[in-house]
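These notes are about the structure you will find just below.
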Amino acid sequence: MSQPATTLAEPKDHVFTPEELKKFDGSSPETPIYVAIKGTVFDVSAKRDTYGPGRSYHCFTGKDASRALGKSTLKDEDLLADYSTLDGTQMKVLDDWHSFFIKRYNIVGHVEGSPSIETK
């Protein structure tokens, strides 16, 4: 696992529509790469080697794929924001991913309509 960032920027409060978030999937080298988890949008551009096109976790970019993270799967049908069907064990996995990202990546906003989540 990568080491936590030494300094993270203050979280931003930009509200992304799901449609707007799709633009940040790494398709363009000039555009940042964003991943959303539980509605929180993270800038993972520094790990383009992991999240860029053709890379192992590119499927998570430009969207909120909370369900897939909770289920520990890369299946297209699980790349959804709705995690209401996750069981207790899967929710813990999702919460652990959310905590991992908070410690390592800058928060650039949240997805419109998502619940507010404590990020400190």
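The model shown is predicted, which means the values in this text are computed figures rather than measured ones.
Ile33 has its side chain out of reach of Asp25: every pair of non-hydrogen atoms, C-beta onward, lies at least 4.5 Å apart. Residues Phe16 and Val108 are in side-chain contact: their nearest non-hydrogen atoms beyond the backbone lie under 4.5 Å apart.
Partners of Phe101 by ring-ring contact (aromatic ring centres under 6.0 Å, His included), not counting sequence neighbours, listed by chain and number: Phe42, Tyr105. Residues that satisfy the side-chain hydrogen bond (donor to acceptor under 3.5 Å, both in side chains) test with Lys23, not counting sequence neighbours, are absent from this structure. Judged as a salt bridge (Lys or Arg N to Asp or Glu O under 4.0 Å), and not counting sequence neighbours, the contacts of Asp78 are Lys71. Thr85 meets the side-chain contact (heavy atoms from CB on, under 4.5 Å) test with Arg67; sequence neighbours excluded. Residues passing the ring-ring contact (aromatic ring centres under 6.0 Å, His included) test with Phe60 are Tyr57, sequence neighbours excluded.
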For this session: Give the intermediate values and the outcome of side chain to side chain contact (heavy atoms under 4.5 Å, CB included) for residues His14 and Glu20.
Result: CA-CA 11 Å; His14 181 83; Glu20 180 185 11; 3.1 Å; yes

Requested in this report: Begin with the C-alpha distance, continue with both residues' side-chain angles, and end with the deciding distance and a verdict on side chain to side chain contact (heavy atoms under 4.5 Å, CB included) for Tyr51 and Val35.
Outcome: CA-CA 9 Å; Tyr51 294 97; Val35 169; 4.0 Å; yes

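Within the model, atoms CG of Leu79 and OG1 of Thr73 stand 7.5 Å from one another, a figure rounded to the nearest 0.5 Å. To the nearest 0.5 angstrom, Leu86 atom CG is 6.5 Å from Met91 atom CE. Within the model, atoms CG of Leu80 and CG of Leu69 stand 11.5 Å from one another, a figure rounded to the nearest 0.5 Å. Distance CG/Asp13 to NE2/His110: 7.5 Å, rounded to 0.5 Å. Taken from OG in Ser99 to CD1 in Ile37, the straight-line distance is 9.5 Å, to the nearest 0.5 Å. Atom NE2 of residue His98 and atom OG of residue Ser66 lie 8.0 Å apart, to the nearest 0.5 angstrom.
With Lys47 contributing its side chain and Asp43 its backbone, the two residues share no donor-acceptor pair below 3.5 Å.
Summarising the geometry of Ser45 relative to Pro32, their closest heavy-atom pair is OG-CA, 3.2 Å, with the distance given to 0.1 Å. Considering every non-hydrogen atom in both Leu74 and Cys59, the closest pair reads CD2-SG, 3.7 Å.
Within a 6.0 Å radius of CG in Asp49, other residues, nucleotides and ligands contribute more than 12 heavy atoms. Within 6.0 Å of atom CD in Glu77, more than 12 heavy atoms from other residues, nucleotides or ligands are found, so the atom counts as buried in its surroundings. Counting heavy-atom neighbours within 6.0 Å of Arg55 CZ, excluding the residue itself, gives a total of 12 or less.
Side-chain contact annotation: Glu30 with Ser28, donor-acceptor N/O pair under 3.5 Å present.
Applying the salt bridge (charged side-chain N to carboxylate O under 4.0 Å, His left out) rule to pairs touching residues 83-93 yields Lys92-Asp96, sequence neighbours excluded.
Lys38 has no carboxylate O lying under 4.0 Å from a charged side-chain N of Asp64, or vice versa, which leaves the two without a salt bridge.
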